[in-house]
Engineer: 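Shown below is the structure under consideration.
In the text below, chain A, chain B and the rest are named by the order of the sequence lines, each starting its count at 1.
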There are 2 protein chains.
Amino acid sequence: MPDIEQICRGDVVTAGHLRDVLDRVGDKWSMLVISLLEHGPRRYGQLATDIPGISQRMLTVTLQRLERDGLVTRTSYPEIPPRVEYALSPLGASLQEPISALAQWAYAHKDEFLASRDRYDAKA
Amino acid sequence: MPDIEQICRGDVVTAGHLRDVLDRVGDKWSMLVISLLEHGPRRYGQLATDIPGISQRMLTVTLQRLERDGLVTRTSYPEIPPRVEYALSPLGASLQEPISALAQWAYAHKDEFLASRDRYDAKA
DNA sequence: CGGAATCCACAACGATACTG
DNA sequence: CAGTATCGTTGTGGATTCCG
């Protein structure tokens with residue numbers, strides 16, 4: 001069972017597994033999409049409205065990347081009008097746990113965050 | 001105790017706490033620096049050699065951002081030659097736990113990751 | 001409805017040179 | 001030693017338009 005030290009040591013430092021996962025889900029929307037899919041399958045349009053501010057393009061490419069890495073599944077129903085559902089794969093569902101840990105840390109410490117920043121900026 | 005649903009709902013979706021923390025430590029080097037500082041204070045030059053591939057500039061700006069957000073403390077000793085030590089603050093140390101969770105997830109599932117990607121790319 | 005294609009702006013990043 | 005300054009490159013994300 002590896003710890004951070006093991007992960008960030010030797011010839012795998014820069015290309016460590018931490019880097020890998022951040023490169024995949026560290027972008028602007030991936031974790032948000034995963035969080036929303038946690039509650040069950042969603043259609044493309046649903047996600048578009050549930051994530052204010054996201055563009056069609058970014059929703060599309062984000063979903064494609066997540067599907068490519070096996071985190072979400074895409075199911076297309078050949079109807080008219082077309083219907084496409086996205087859902088978390090087991091792999092994606094397992095990722096939701098560490099993501100939740102990160103989100104809860106952010107929620108718990110948001111005040112310290114802002115306070116420190118204000119102090120820093122006040123001196124500059 | 002908030003869960004993901006609470007965090008990603010309503011008018012705080014795009015500016016959710018998850019977004020906040022990702023904006024700070026989701027960049028290329030921050031989590032790596034935090035991981036290294038976990039073992040104790042490190043000097044600037046030590047970090048530079050312990051993180052192969054990082055440029056002086058990126059190490060500097062990464063450390064400044066981490067200090068600004070209160071995750072890292074900077075201690076300068078007025079000697080010749082100058083000596084500067086960076087260490088995790090209590091806040092930064094508390095962040096190491098969710099980061100570790102993410103890293104361990106990455107380590108545990110790296111094979112599924114790559115396999116899914118290969119399958120996807122083979123069809124394209 | 002669920003995209004794909006194109007173009008563009010900006011910020012992140014890297015390399016290099018210089019400094020107290 | 002521990003940075004700062006400047007420049008060039010790259011990648012990410014947004015706006016718009018078009019298609020099955």
Engineer: Rounded to whole angstrom units, what separation is found between the CG atom of L47(B) and the C1' atom of dC1(D)?
Structural biologist: 13 Å
Engineer: By nearest heavy atom, map P82(A) and T62(A) onto DNA chain D; which one lands nearer the 5' end?
Structural biologist: T62(A)
Engineer: To the nearest 0.5 Å, how far apart are CD in E85(B) and OH in Y44(B)?
Structural biologist: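 Answer for the CD-OH pair, E85(B) versus Y44(B), is 15.5 Å.
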Engineer: Counting heavy atoms from C-beta on, name the nucleotide in dG20(C), dG3(C), dG3(D) closest to the side chain of V84(A).
Structural biologist: dG3(C)
Engineer: Determine the contact category for Y86(B): base if any of its heavy atoms lies under 4.0 Å from a base atom, sugar-phosphate if only primed atoms, P, OP1 or OP2 are that close, otherwise nothing.
Structural biologist: sugar-phosphate
Engineer: Find the distance R83(B):CZ to dG3(D):P and express it as a whole number of Å.
Structural biologist: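 Roughly 13 Å, once rounded to whole Å.
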Engineer: Between dG11(D) and K28(B), is there an OP1 or OP2 to side-chain N/O distance shorter than 4.0 Å?
Structural biologist: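 Result: no.
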Engineer: Looking at every non-hydrogen atom in both residues, tell me the closest pair between I34(A) and L88(A) and how far apart they are.
Structural biologist: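 Taking I34(A) first and L88(A) second, the nearest heavy atoms are O-CD1, 4.0 Å.
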Engineer: How close or far is atom P of dC13(C) from atom CZ of R19(A), stated in whole angstroms?
Structural biologist: 9 Å
Engineer: Is R43(A) near enough to dG3(C) that one of its side-chain N or O atoms lies under 4.0 angstrom from OP1 or OP2?
Structural biologist: no
Engineer: Hey, is the side chain of R57(A) pairing donor to acceptor with the base of dG13(D) inside 3.5 Å?
Structural biologist: yes
Engineer: Measure the distance from CH2 on W29(A) to P on dG13(D) and round it to the nearest whole Å.
Structural biologist: 9 Å
Engineer: Taking atom P of dC1(C) as reference, at what distance in whole Å does atom CG of L63(A) sit?
Structural biologist: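 Answer to the nearest Å: 17 Å.
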Engineer: With a 4.5 Å heavy-atom cut-off, do D50(B) and R42(B) have their side chains touching?
Structural biologist: yes
Engineer: Identify the two heavy atoms, one from S76(A) and one from R74(A), that lie closest to each other, and give their separation to 0.1 Å.
Structural biologist: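 In this case the closest contact between S76(A) and R74(A) is CB-NH2, 3.7 Å.
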Engineer: With nearest nucleotide decided by heavy atoms, which residue, S55(A) or G45(B), maps closer to the 5′ end of DNA chain D?
Structural biologist: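 Nearest-nucleotide comparison on DNA chain D picks G45(B).
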Engineer: For T60(A), answer base if it contacts any base atom (sugar-phosphate contacts may also be present), sugar-phosphate if it contacts only those atoms, and nothing otherwise; contact means non-hydrogen atoms under 4.0 Å.
Structural biologist: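 Contact class for T60(A): sugar-phosphate only.
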Engineer: Using only heavy-atom distances, determine whether the side chains of T75(A) and Y86(A) contain a donor-acceptor pair under 3.5 Å.
Structural biologist: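 Absent: no donor and acceptor within the cut-off.
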Engineer: Does a side-chain N or O from Q64(B) land closer than 4.0 Å to OP1 or OP2 of dT4(D), or not?
Structural biologist: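 For dT4(D), OP1/OP2 do have a side-chain N/O of Q64(B) under 4.0 Å.
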Engineer: Please confirm whether the shortest side-chain N or O distance from Q46(A) to OP1 or OP2 of dC1(C) is below 4.0 Å.
Structural biologist: no
Engineer: Quickly work out the R42(A) CZ to dG3(C) C1' distance and round it to whole Å.
Structural biologist: 20 Å
Engineer: Within this structure, what is the CE-to-C1' distance between M58(A) and dT12(D), rounded to whole angstrom?
Structural biologist: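 Spelled out: CE on M58(A) to C1' on dT12(D) is 7 Å.
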Engineer: Separation of L59(A) atom CG from dG3(C) atom P, in whole Å?
Structural biologist: 8 Å
Engineer: Please confirm whether the shortest side-chain N or O distance from R74(B) to OP1 or OP2 of dG3(D) is below 4.0 Å.
Structural biologist: yes
